Novice: 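Quick one: this structure, given as structure tokens, is what I'll be asking you about.
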Amino acid sequence: MADLGNPSATGAVLEKYGIRAQKKYGQNFLIDQNILEKIAQTSQIGKDDLVLEIGPGLGALTQILCERAGRVIAVEIDKKLIPVLEETLSGYDNLSLINEDILKCDLKDLLKEGDRYGSVKVVANLPYYITTPVLMFLLESRYPFESVTVMIQKEVADRIKAGPSTKDYGSLSLAVQYYSQPVVALQVPPSCFIPRPGVGSVVLKLGIYREKPVEAKDEELLFRLIRGSFNQRRKTLVNGLKNYAGLDLSKEQIESAIEKLGKKPSVRGEELTLSEFAELADILTS
Ligand code: SAM
């Protein structure tokens, strides 16, 4: 039975094992059963799903995931938490617990039983110090996840959802929106965690596209163009791209591509939509 999602049960587990939350691993444990239930509801998991959980911590979310999913694979970097998890999750036989850094995992191998399930979903209260690398690792792996439902800092979610000509718009917005549709499902205050994080949190659900609405012929080039454009965001697109080490383009080539795109020579990268970036990449490819 899921029984960890409250301050006294979490406090008791920490005390029993003499554990202190490790800042270096971004440990902020959820202590609100209601929020835990809502994360599970948002991810819409059922018995036909294989779930990858990143950072099970003490196991509060994992308990709920094990009750609802067909199988759960939970990857925890902190080896001190493994004996704790073995106890808090001892009642579940549909769990594989792995002591590893998620960024070092081979996802295909980790999730090799995925095709026996209707879908594979990621659910996690992410360690905030590596939110962006973990999201990009999942998306760029091209593993056919159905969805990724994660607790993250509100500021990062604002950047992910942002559109052109706003201060939050940048490489992260475009990269995540290339692969998925982001929706904020829930706001979560610091009081729902032990210890309390210094920032507000949200639960963000990324619905991964099976067929991308925007696709560049050369994705490598698209992402290099995006990085080059936002590297020096105050500069015009021409100046940003011509000085960017990751690209080997002359000023004339860039100016001509921008003209073909139907934009003024003074356009800035932050004004372009995702589909305009993809079009620019395709113009430069052809
Ligand atoms: N899921 C638990 C909860 O909701 O209470 C804990 C969430 S806590 C914010 C993040 C968890 O991720 C911690 O248990 C931390 O040790 C783990 N973690 C940090 N970096 C990790 C990594 N690179 N790979 C796997 N787990 C990691």
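Counting starts at 1 for both ligands and their atoms, following the listed order. Please read these numbers as outputs of a predicted model, since none were measured by experiment.
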Novice: Please determine if K260 and E279 form a salt bridge, counting it only when a charged side-chain N lies under 4.0 Å from a carboxylate O.
Specialist: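 Judged by the 4.0 Å cut-off on N to carboxylate O distance, K260 and E279 do not form a salt bridge.
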Novice: Which pairs of nitrogen or oxygen atoms, taken one from ligand 1 and one from the protein, are under 3.5 angstrom apart?
Specialist:
from     : atom 1 : to   : atom 2 : distance (Å)
ligand 1 : 1 (N)  : E53  : OE2    : 3.4
ligand 1 : 1 (N)  : G55  : O      : 2.8
ligand 1 : 1 (N)  : P56  : O      : 3.3
ligand 1 : 4 (O)  : N125 : ND2    : 2.9
ligand 1 : 5 (O)  : L30  : N      : 2.9
ligand 1 : 14 (O) : G57  : N      : 3.3
ligand 1 : 14 (O) : E76  : OE1    : 2.7
ligand 1 : 16 (O) : Q27  : NE2    : 2.9
ligand 1 : 16 (O) : E76  : OE2    : 2.6
ligand 1 : 20 (N) : Y129 : OH     : 2.9
ligand 1 : 23 (N) : D101 : OD1    : 2.9
ligand 1 : 24 (N) : I102 : N      : 2.9
ligand 1 : 26 (N) : I77  : N      : 3.3

Novice: Quick one: do the D3 and Q63 side chains pair a donor with an acceptor below 3.5 Å?
Specialist: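 Distance-only check passes for D3 and Q63.
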Novice: Charged N to carboxylate O below 4.0 Å: is that the case for R210 and E146?
Specialist: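 E146 and R210: salt-bridged.
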Novice: Determine whether the aromatic ring centres of residues F223 and Y178 are separated by less than 6.0 angstrom.
Specialist: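 Y178 vs F223: aromatic centres under 6.0 Å.
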Novice: Quick one: are the ring centres of Y25 and Y129 less than 6.0 Å apart?
Specialist: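 Ring centroids of Y25 and Y129 are no less than 6.0 Å from each other.
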Novice: Test N6 against S8 for side chain to side chain donor-acceptor pair (under 3.5 Å), laying out the working first.
Specialist: CA-CA 6 Å; N6 62 74; S8 58; 3.0 Å; yes
